[in-house]
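Read the structure below first, then the notes.
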Amino acid sequence: MKLGDIDVVGEIIDLNFQLLRTQILLEEVLKHNADTLKLPSKEAMEEINEFAFKAVQNKFPNMNINRKEDKLKKEIEEIKEKREL
């Protein structure tokens with residue numbers, strides 16, 4: 001299924017695979033390095049988020065993608081909670 005010039009189904013499948021693989025990898029790294037791991041600062045996380053946001057905007061320039069601050073803050077808090085487990 002295409003939306004404009006985007007293969008929506010292909011993108012969803014690809015992104016789900018990449019997200020799950022990244023999540024599993026991150027969980028393994030955290031699990032095996034919990035004692036010595038230095039986590040990114042709040043400022044570094046903000047830079048990472050900004051970089052990722054701009055990358056998505058650049059990938060889909062015709063989609064008029066805007067930031068939803070509350071959603072990002074919630075996602076960051078969920079990552080922090082998982083890290084504490």
Side-chain angles (χ1 to χ4, degrees):
M1 181 171 114
K2 290 192 91 149
L3 180 61
D5 60 345
I6 300 169
D7 175 12
V8 177
V9 174
E11 285 292 328
I12 290 171
I13 292 169
D14 186 49
L15 290 172
N16 274 292
F17 172 77
Q18 290 179 38
L19 179 62
L20 182 57
R21 180 186 61 202
T22 303
Q23 180 180 359
I24 292 168
L25 177 62
L26 179 58
E27 288 172 358
E28 287 297 311
V29 168
L30 289 172
K31 181 171 63 173
H32 294 290
N33 298 287
D35 296 337
T36 59
L37 192 62
K38 182 179 177 189
L39 301 173
S41 67
K42 181 179 178 184
E43 294 80 17
M45 283 302 301
E46 289 172 5
E47 288 177 17
I48 291 166
N49 288 338
E50 186 64 23
F51 177 82
F53 178 70
K54 288 183 187 268
V56 170
Q57 282 182 317
N58 290 335
K59 184 172 183 176
F60 304 108
N62 298 328
M63 297 302 292
N64 195 25
I65 297 171
N66 296 307
R67 184 181 299 276
K68 294 183 179 181
E69 291 295 331
D70 292 338
K71 185 176 179 182
L72 288 174
K73 288 179 184 177
K74 182 180 177 185
E75 289 175 4
I76 292 170
E77 290 303 317
E78 289 173 357
I79 291 170
K80 287 180 182 178
E81 288 174 8
K82 285 182 181 178
R83 205 176 2 161
E84 294 173 0
L85 295 177

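The chain is numbered in sequence order, starting from 1.
Side-chain heavy atoms closer than 4.5 Å link hydrophobic residues (I, L, V, M, F, W, Y) into clusters, and following such links, even through other members, never connects Val8 to Ile13. Linking ILVMFWY residues whenever their side-chain heavy atoms come closer than 4.5 Å, directly or via other members, leaves Ile76 and Ile79 in distinct clusters.
Applying the under-4.5 Å side-chain rule to Ile, Leu, Val, Met, Phe, Trp and Tyr, the cluster around Leu37 extends to Leu26, Leu30, Leu39.
Within the model, atoms CE of Met45 and CG of Asn49 stand 5.0 Å from one another, a figure rounded to the nearest 0.5 Å. Considering CD1 of Ile24 and CD of Glu28, their distance stands at 8.5 Å, rounded to 0.5 Å. Atom-to-atom distance recorded for Asp7:CG and Ile12:CD1 is 9.0 Å, nearest 0.5 angstrom.
Gln18 pairs with exactly one of Thr22, Asp14, Asn16 by the side-chain hydrogen bond (donor to acceptor under 3.5 Å, both in side chains) rule, that one being Asp14. Applying the side-chain contact (heavy atoms from CB on, under 4.5 Å) test between Ile6 and each of Met1, Lys59, Met63 identifies Met63 as the sole match.
Salt-bridge formation is not detected for the pair Glu27/Lys31: no Lys NZ or Arg NE/NH1/NH2 atom is positioned less than 4.0 Å from an Asp or Glu carboxylate oxygen.
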Going through the distances and angles, do Lys42 and Glu46 end up as a side-chain contact (heavy atoms from CB on, under 4.5 Å)?
CA-CA 6 Å; Lys42 181 179 178 184; Glu46 289 172 5; 3.3 Å; yes
